[in-house]
Amino acid sequence: MKIERLIGILSILLQKDNVTAPYLAEHFEVTRRTINRDIEELCRAGIPIYTKQGQGGGISILDNYKMDRTLLTNGEMQDILAGLRSLDSINGTNRYGQLMEKLSLGSSDFMKGNQSVLIDLSSWYKNSLAPKIEIIRDAIDNGRELEFLYFSPKGEENRTIEPYYLIFRWSSWYVWGWCRTREDYRLFKLNRMEKVHTNKNGFKKREVPMPDLSNERIFPGGIQVKAIFEPECKWRLVEEFGIESFKVQKDGKLLFQADYTNKENLISWIISFQDKAELLEPKEIREELKRNIDNMRKKYITDM
């Protein structure tokens, strides 16, 4: 979008003493003519940009200039603030709030109340996640290999990766990188990573493909589930699967049908409803659930 390109050009000019129009055209993948029009528009907005022809020339912005927040609308500033505050919620710092102060010329107008969108990305694992995120960010920024102990359904294993992206998806954090063990790109969940640290090895950054973050990749599915729930479970079914995931029967019970991710999670999920749920299908998982319940029952039978 044009406004995004204008902000991007201004950001570059604020960070660099001098840039050329061909450089900006290549960076934003537009024509030099488009860049010239963008520069003219920024000048009309009151931003002190000047150009110099010839060798050593280029596009510059006056020293000590600060971005006028009127370049952005109040709604746009509020959206930026909501995103920055969500990052602060991860580790309880005010790092991104301070960045917002810089964007708004040091004024606190946008930092006070009046926010209609609040995003909190913190979790029960905040204390353990925050240090991992900082270590991973440092490794990505400085091109350092990352080492950690990883826990998966197949067991635990030491891994070494070239980290490229920190990703937040479906309430969980992941790191995407080139795995030395598998010699391929892999997605690792931060909650399963322990003893996270960088080593002394740097790496030359590759042409990295974007990770597949589709629902099918994160949640493979494939298990067709049918179950009966008591009416008081309706709120959980609505929250976790939506109102269309079940049909109310004549006796008030809820016939639930959905595609589930994996067997272990399904069994744990059904058990979490205690005696308010009955798994009907798949038949083989129903039988395994019955065996699990019998084994659990034996553990709690004691002679008093």
Side-chain angles (χ1 to χ4, degrees), residues 1-91 93-117 119 133-134 136-144 163-168 202 204-205 207-208 210:
M1 293 178 63
K2 184 176 182 180
I3 184 62
E4 294 172 344
R5 189 173 65 250
L6 291 174
I7 295 172
I9 292 172
L10 181 55
S11 176
I12 290 174
L13 292 176
L14 288 169
Q15 296 175 58
K16 296 179 178 292
D17 294 333
N18 189 59
V19 297
T20 65
Y23 168 83
L24 293 174
E26 181 179 358
H27 183 83
F28 291 101
E29 298 181 345
V30 295
T31 65
R32 183 172 176 176
R33 190 173 182 178
T34 297
I35 293 297
N36 290 337
R37 287 198 297 266
D38 290 341
I39 296 299
E40 291 176 1
E41 189 157 343
L42 289 172
C43 289
R44 286 196 297 271
I47 297 170
I49 296 175
Y50 66 93
T51 60
K52 181 180 178 182
Q53 302 296 325
Q55 186 175 2
I59 305 167
S60 304
I61 194 167
L62 290 179
D63 293 340
N64 301 320
Y65 176 74
K66 295 181 179 180
M67 187 171 76
D68 187 343
R69 70 183 179 208
T70 58
L71 183 66
L72 300 173
T73 67
N74 184 71
E76 289 167 339
M77 291 293 281
Q78 295 294 345
D79 289 343
I80 294 172
L81 176 57
L84 293 175
R85 279 187 165 174
S86 72
L87 294 175
D88 274 336
S89 71
I90 298 169
N91 51 21
T93 68
N94 192 36
R95 175 190 304 169
Y96 297 97
Q98 291 169 350
L99 172 59
M100 190 62 195
E101 286 280 6
K102 293 179 181 178
L103 288 175
S104 58
L105 284 173
S107 169
S108 61
D109 292 349
F110 289 103
M111 309 302 289
K112 298 177 182 176
N114 300 324
Q115 280 86 46
S116 59
V117 179
I119 305 171
I133 289 172
E134 289 301 307
I136 295 170
R137 285 192 59 187
D138 180 72
I140 293 172
D141 292 342
N142 294 295
R144 299 281 296 278
Y164 288 100
Y165 293 108
L166 256 175
I167 301 163
F168 183 78
K204 184 178 180 180
K205 293 192 175 181
E207 290 294 327
V208 186
M210 294 299 291

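One is the number of the first residue; the rest follow in order along the sequence.
The OG1 atom of Thr34 sits 4.5 Å away from the CZ atom of Arg37 when rounded to the nearest 0.5 Å. Here the OG1 atom belonging to Thr51 is positioned 10.0 Å from the CD atom belonging to Glu40, to the nearest 0.5 angstrom. Here CD1 of Ile35 is found 11.0 Å from CD of Glu26. Values are rounded to the nearest 0.5 Å.
In this structure, Lys205 contributes its side chain and Tyr164 its backbone to no donor-acceptor pair below 3.5 Å.
Asn142 meets the side-chain contact (heavy atoms from CB on, under 4.5 Å) test with Asp138, Arg144; sequence neighbours excluded. Scored by the side-chain contact (heavy atoms from CB on, under 4.5 Å) test, Ser60 finds Asn18, Tyr50 as partners (sequence neighbours excluded).
What you find for Ile140 and Leu166 is that their closest heavy atoms are CD1-N, 4.0 Å.
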>> Between Val208 and Tyr165, does the side-chain contact (heavy atoms from CB on, under 4.5 Å) criterion hold? Intermediate values first, please.
In response: CA-CA 10 Å; Val208 186; Tyr165 293 108; 4.1 Å; yes

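For the pair Tyr23/Ile12, a side-chain contact is recorded, criterion being any heavy-atom separation below 4.5 Å from C-beta on. A 4.5 Å side-chain heavy-atom check between Val19 and Ile9 finds every atom pair outside the cut-off.
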